[in-house]
Amino acid sequence: MPVSSSTSPHWHSSGRAFLRGLIAASGSVLTLVLFATFIGIGALAHDSHFSLGWVLLSTVLVWAGPAQIILISSLGSGATPVQAAIAVTVSAIRLFPMVVSVLPMLRTPTTKLRHLVLPAHFVAVTMWVECFRLLPQVPRERRVAFANGLGTGLVSVCLVANVIGFLLAANLPQSFGAAILLLTPLAFLLSTARNCRELADVVALLLGLALFPLVALLHTGVDVLISGVSAGTIAYGVHWMRRRRRA
């Protein structure tokens, strides 16, 4: 759902911008995917004998579906809290480039560091995709408030989904739970393909898809990292060569 024009009265205050962010979260297709995914996470937490309060707190603090699955699975299988924390931290490193790419879109000359803490916490794949889609339509001085509203809306939807999944866990077949968890990577793949603008974007996406099955045969344990870095490096090389030829 498109947001209002930058000249709209909806941007006259930070409160209104925050509200527009909440509305944008409710109108995103990816919100539906998150809702289904976090139903699965709620069910997984129930089956792993965690409390409802625990899974809700982990959603607020961790706020990344794959990282939560790692956290629940590792602790549920007997790993120590330190081992689980290390695993979640390694998983979260993939979000760092997304944070670095989103925060410059939010900053103004008067933006203080403390204003960016909450938006930085909210940045996960869904937030990253939606920020690049929606923020260009938002006046720069209202982008922090809008991003906070967008992130709050997404987290709120996931908390509701956690409760539903946790309460329905006894009646959800394991195959159904696995299927809805698969929705997230599929949706992100389609969203990334939709947002491809440059040849380098297409090359990176296609090479990443092609290299992953080959790298997986090596059983390195970091197959996604290797294939992603390799594809991204090659795509950057293609982009650099094309730009140099044009110059």
Side-chain angles (χ1 to χ4, degrees), residues 3 6 11 13-28 30-31 33-35 37-38 41 54-72 81 84-162 184-185 187-188 191-192 195 201 204 224-225 228-229 232:
V3 299
S6 60
W11 307 120
S13 69
S14 296
R16 290 188 176 186
F18 182 88
L19 180 60
R20 296 304 299 175
L22 286 175
I23 295 173
S26 67
S28 172
L30 291 180
T31 302
V33 177
L34 276 181
F35 184 77
T37 299
F38 277 78
I41 291 176
W54 186 94
V55 69
L56 293 177
L57 183 62
S58 72
T59 294
V60 172
L61 297 181
V62 177
W63 179 227
Q68 279 186 268
I69 294 172
I70 291 172
L71 178 64
I72 295 170
I86 293 173
V88 171
T89 301
V90 171
S91 170
I93 289 174
R94 66 194 169 86
L95 302 177
F96 182 72
M98 300 180 190
V99 176
V100 171
S101 65
V102 168
L103 292 190
M105 301 173 67
L106 304 177
R107 299 192 67 166
T108 68
T110 60
T111 302
K112 294 181 171 55
L113 182 60
R114 66 175 181 271
H115 298 151
L116 299 175
V117 173
L118 187 58
H121 172 66
F122 283 141
V123 174
V125 179
T126 303
M127 183 75 171
W128 175 71
V129 171
E130 292 299 273
C131 280
F132 271 86
R133 184 173 70 90
L134 299 175
L135 284 182
Q137 307 170 50
V138 180
R140 182 168 287 272
E141 66 275 11
R142 300 300 182 209
R143 289 182 180 180
V144 170
F146 178 84
N148 286 336
L150 179 62
T152 300
L154 294 174
V155 173
S156 299
V157 167
C158 293
L159 292 174
V160 173
N162 278 160
T184 299
F188 292 153
S191 298
T192 302
N195 291 335
D201 300 332
V224 175
L225 178 64
V229 170

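Atoms considered below: every heavy atom in the structure, side chains included; atoms not considered: hydrogens, waters and symmetry mates.
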Q: Apply side chain to side chain contact (heavy atoms under 4.5 Å, CB included) to V102 and F132, showing your working.
A: CA-CA 8 Å; V102 168; F132 271 86; 4.1 Å; yes

Q) If you measure from CZ on R142 to OG1 on T108, what distance do you get to the nearest 0.5 Å? A) 10.5 Å

Q: Report the C-alpha separation of L154 and W63 in whole Å, then their side-chain angles, then the decisive distance to 0.1 Å, and conclude whether the side chain to side chain contact (heavy atoms under 4.5 Å, CB included) test is met.
A: CA-CA 10 Å; L154 294 174; W63 179 227; 3.9 Å; yes

Q: Report the distance from atom CD1 of I70 to atom OG1 of T89, rounding to the nearest 0.5 Å.
A: 10.0 Å

Q. To the nearest 0.5 Å, what is the distance between OG1 (T59) and CG (N162)?
A. 3.5 Å

Q) Taking C-beta and beyond as the side chain, do L95 and V125 meet within less than 4.5 Å on heavy atoms? A) yes

Q.
Quick check for you: to the nearest 0.5 Å, what is the distance between T111 atom OG1 and R143 atom CZ?
A. 10.5 Å

Q | Closest non-hydrogen atom pair between P136 and M105, with its separation | A | CD-CE, 4.4 Å

Q. Does a side-chain heavy-atom distance below 4.5 Å link P119 with V144?
A. yes

Q. What is the minimum heavy-atom distance between I72 and W54, and which atoms define it?
A. CG1-CZ3, 3.7 Å

Q.
If you define the side chain from C-beta out and look only at heavy atoms, does anything of T152 sit under 4.5 Å from F122?
A. yes

**Q.** Gap between atom OG of S14 and atom CD of E141 - 0.5 Å precision
**A.** 9.0 Å

**Q.** Minimum-distance pair of heavy atoms, taken over all atoms of L134 and A24
**A.** CD1-CB, 3.8 Å

Q.
Would you say that V157 contacts F38 through its side chain, given a criterion of any heavy-atom pair below 4.5 Å between the two side chains?
A. no

Q. S28 and E130: which non-hydrogen atoms are nearest, and at how many Å?
A. OG-OE1, 3.0 Å

Q.
Using a 3.5 Å distance criterion without hydrogens, assess whether the side chain of S26 forms a donor-acceptor pair with backbone atoms of I23.
A. yes

Q) Between S58 and Q68, is any side-chain donor less than 3.5 angstrom from a side-chain acceptor? A) yes

Q) Should L135 and L106 be marked as a side chain to side chain contact (heavy atoms under 4.5 Å, CB included) after you check the CA-CA gap, both sets of side-chain angles, and the distance that decides it? A) CA-CA 8 Å; L135 284 182; L106 304 177; 3.6 Å; yes

Q. Got a sec, which residues hit side chain to side chain contact (heavy atoms under 4.5 Å, CB included) with I86, two or more places apart in sequence or on another chain?
A. V82, V90

**Q.** Within 6.0 angstrom of R107 CZ, more than 12 heavy atoms from elsewhere
**A.** no

(Q) Distance check, rounded to the nearest 0.5 Å: F35 atom CZ versus L159 atom CG? (A) 11.5 Å

